[in-house]
A.B. asks: 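One structure coming up, written as structure tokens, with questions to follow.
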Amino acid sequence: MKFGKSICILNVGGTKYAFSKDVIKDFPLSRVSRLHRCVSEKEVLEVCDDYDRERNEFFFDRHSEAFGFIMLYVKYGKLRFVPQMCELSFHNEMIYWGLESSDLEFCCQRRLDERMSDSYTNFPEEEITRQQEELRVQSLESRATTEQTQSKWLERLRKTFEEPTSSIAAQILASISVIFVIVSMVMLCANTLPDWRNVDSVEGHKYTDSLEHPSGIIEAVCIGWFTAECMIRFILSQDKCKFVRRPLNIIDLLAIMPYYISVTMTMLTGENSQLQRAGVTLRVLRMMRIFWLIKLARHFLGLQTLGLTLRRCYREMVMLMVFICVAMAIFSALAQLLEHGLDLESGNEDYASIPAACWWVIISMTTVGYGDMYPITVPGRVLGGLCVVSGIVLLALPITFIYHSFVQCYNELKFRSARCTRSLSAEFIN
């Protein structure tokens with residue numbers, strides 16, 4: 001800024017803040033830092049609402065309390081909503097000053113997503129365009145002033161592997177990973193067909209196919225891709241311990257390690273009777289590759305919604321299991337008594353014990369009814385009817401809470417995905 005005094009005064013809704021020119025130049029809020037590049041009053045008025053040249057005071061007709069909370073974010077690095085203020089109004093203030101919803105604390109992000117999903121708010125195109133312009137200007141300023149290019153490049157690379165919607169390259173990598181998962185699952189299913197099985201008994205117990213066969217080559221390529229992906233994500237992660245503790249990463253490890261364990265066992269024992277005796281263990285390890293399907297949760301909103309719902313509704317799930325266990329204990333004991341306990345000689349042998357009757361209670365409460373066992377006495381049939389009705393009622397009680405939580409989680413993740421899509425569109429256009 002080539003005019004005015006060395007001290008700049010920001011008047012936001014009647015609250016004044018004094019800063020030096022050097023502070024304005026590197027200010028974290030893009031709208032404020034743009035004042036430093038202004039060379040005329042006309043350019044200044046494009047950034048603020050009014051300007052007093054004598055006092056070097058810039059007027060912004062915005063919410064003063066909201067700006068105070070934004071200044072706390074500038075000072076301490078944590079941004080939360082203003083109490084008793086609409087979340088959408090505060091979000092508009094954030095957009096005006098050049099902040100994103102991702103700058104909010106996680107709890108406040110959830111509140112914003114819930115508020116947007118409840119009201120189904122769609123921002124006008126000019127608001128989205130202005131937000132994209134603010135993000136573009138902020139990105140240009142950060143690239144021009146920062147000296148930590150390498151760290152930003154590593155962060156961008158980390159997001160490419162961790163967040164499939166963060167960029168075009170991330171979407172391409174995610175698509176390739178999904179293709180490898182599908183190919184691996186198809187090969188796993190095909191290898192169980194009789195025509196694909198090896199005739200030799202030892203070969204039939206092998207976990208890995210020989211590289212001389214096409215299926216073995218495809219399997220090795222898929223394992224190589226998943227291994228390289230997991231290693232790169234581990235190297236780029238900021239917190240290695242947190243990375244190892246994440247559930248999806250544990251699943252990746254469980255799906256990859258059996259292949260290398262089987263290769264090691266083959267090298268140590270050879271293709272002989274020892275490996276044949278270990279065939280059961282190796283087949284179990286082979287089936288652990290089915291966990292790769294859970295990797296699709298990184299790329300599909302539906303699986304993410306299911307996982308988030310189960311995590312938030314674990315109390316309801318525990319309550320559902322308690323209901324089932326209590327009802328199973330009661331009805332199985334009564335069924336065993338009515339069908340077998342009262343007449344030991346000619347009683348129904350399917351209900352010879354309470355654990356056997358528990359299977360009948362489960363399939364009756366869930367209204368499956370395989371027909372493999374059923375009561376033959378009149379009291380037993382009456383008990384069966386009560387068991388079916390009580391099962392419908394008990395299963396329906398917690399389902400309502402789980403359903404509402406599922407809808408809430410879906411809307412929350414949908415709006416997050418929409419924000420990432422808008423940012424991705426802006427990146428593609430730029």
Side-chain angles (χ1 to χ4, degrees), residues 1 4-38 43-52 55-113 115 123 127-128 130-149 151-152 155-156 159 238 416 419 422-423 426:
M1 191 164 50
K5 302 177 182 178
S6 59
I7 300 298
C8 303
I9 300 177
L10 304 182
N11 191 327
V12 182
T15 305
K16 297 182 180 181
Y17 303 86
F19 302 101
S20 64
K21 288 185 177 181
D22 295 334
V23 174
I24 293 292
K25 177 181 177 181
D26 301 325
F27 209 77
L29 304 180
S30 60
R31 180 170 290 272
V32 177
S33 61
R34 284 168 58 187
L35 293 172
H36 188 270
R37 301 194 307 272
C38 298
E43 294 183 5
V44 171
L45 294 177
E46 293 178 357
V47 179
C48 61
D49 297 308
D50 200 1
Y51 172 67
D52 188 342
R55 293 182 295 178
N56 201 28
E57 186 172 353
F58 303 88
F59 295 90
F60 295 88
D61 188 15
R62 308 301 298 186
H63 198 284
S64 59
E65 190 175 359
F67 185 74
F69 272 70
I70 292 176
M71 288 300 297
L72 291 177
Y73 166 71
V74 173
K75 185 176 181 181
Y76 298 107
K78 293 186 178 181
L79 181 60
R80 293 186 173 90
F81 285 129
V82 178
Q84 308 301 326
M85 182 177 181
C86 177
E87 292 85 356
L88 299 180
S89 299
F90 187 80
H91 184 240
N92 289 333
E93 293 292 326
M94 292 170 53
I95 295 175
Y96 178 82
W97 294 108
L99 298 177
E100 301 180 69
S101 57
S102 58
D103 296 320
L104 285 166
E105 292 295 299
F106 181 73
C107 57
C108 294
Q109 289 187 31
R110 286 183 54 185
R111 284 178 53 190
L112 177 62
D113 292 335
R115 185 69 176 86
F123 293 102
E127 188 71 23
I128 297 176
R130 187 178 66 179
Q131 180 182 6
Q132 294 176 351
E133 179 65 21
E134 294 287 345
L135 294 175
R136 187 181 68 84
V137 172
Q138 185 177 10
S139 177
L140 291 175
E141 291 176 353
S142 61
R143 285 198 297 266
T145 58
T146 185
E147 298 179 358
Q148 300 177 350
T149 307
S151 60
K152 286 196 172 184
E155 178 65 19
R156 188 179 185 88
K159 287 186 176 181
Q238 297 176 344
R416 289 185 188 177
R419 286 201 303 266
R422 288 199 297 267
S423 301

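On a predicted model such as this, the values are computed, not experimentally measured, just so you know. We use all heavy atoms of the structure for the numbers below, so side chains are in, but hydrogens, waters and symmetry mates are not.
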A.B. asks: What are the two closest non-hydrogen atoms of R80 and F90, and how far apart are they?
C.D. replies: O-CZ, 3.6 Å
A.B. asks: If I compare all heavy atoms of A18 with all of I7, which pair ends up nearest, and what's the gap?
C.D. replies: CB-CG2, 4.1 Å
A.B. asks: Which pair of non-hydrogen atoms, one from D61 and one from D49, has the smallest distance, and what is that distance?
C.D. replies: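 What the structure gives for the nearest pair is N-OD2, 2.6 Å.
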A.B. asks: How long is the gap from CZ on R37 to CD on E43, to the nearest 0.5 Å?
C.D. replies: 9.5 Å
A.B. asks: Give the minimum heavy-atom separation between I9 and K16, together with the two atoms involved.
C.D. replies: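 Taking every non-hydrogen atom into account, CG2-CB, 4.1 Å.
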A.B. asks: Answer yes if the ring centres of F67 and Y17 are under 6.0 angstrom apart, and no otherwise.
C.D. replies: yes
A.B. asks: Does the cation-pi check pass for R62 over Y96, that is, NZ or CZ under 6.0 Å from the six-membered ring centre and within 45° of its axis?
C.D. replies: yes
A.B. asks: If I compare all heavy atoms of M94 with all of L79, which pair ends up nearest, and what's the gap?
C.D. replies: CE-CD2, 3.8 Å
A.B. asks: Rounded to the nearest 0.5 Å, how far apart are CZ of F60 and CH2 of W97?
C.D. replies: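 One gets 4.5 Å once the value is rounded to the nearest 0.5 Å.
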A.B. asks: So which heavy atom on A66 is nearest to which on E93, and how close?
C.D. replies: CB-CG, 4.0 Å
A.B. asks: Test side-chain contact (heavy atoms from CB on, under 4.5 Å) on I24 and V32 and set out the steps.
C.D. replies: CA-CA 7 Å; I24 293 292; V32 177; 3.7 Å; yes
A.B. asks: Do E46 and R34 meet the salt-bridge criterion of a basic N to acidic O distance under 4.0 Å?
C.D. replies: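 Salt bridge flag = no for E46 with R34.
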A.B. asks: Do Y73 and L104 come within less than 4.5 Å of each other through their side chains, counting heavy atoms only?
C.D. replies: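 Contact flag for Y73/L104 side chains = no.
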A.B. asks: Within this structure, what is the CD-CD distance for the pair E65 and Q84, rounded to the nearest 0.5 Å?
C.D. replies: 9.5 Å
A.B. asks: Let me confirm one number: the CE-CZ distance from M85 to F69, rounded to the nearest 0.5 Å.
C.D. replies: 10.0 Å
A.B. asks: Look up atom OH in Y51 and atom CG in L35, then write down how far apart they are to the nearest 0.5 Å.
C.D. replies: 9.5 Å
A.B. asks: Between atom CZ of F58 and atom CZ of R31, what is the distance when rounded to the nearest 0.5 Å?
C.D. replies: 13.5 Å
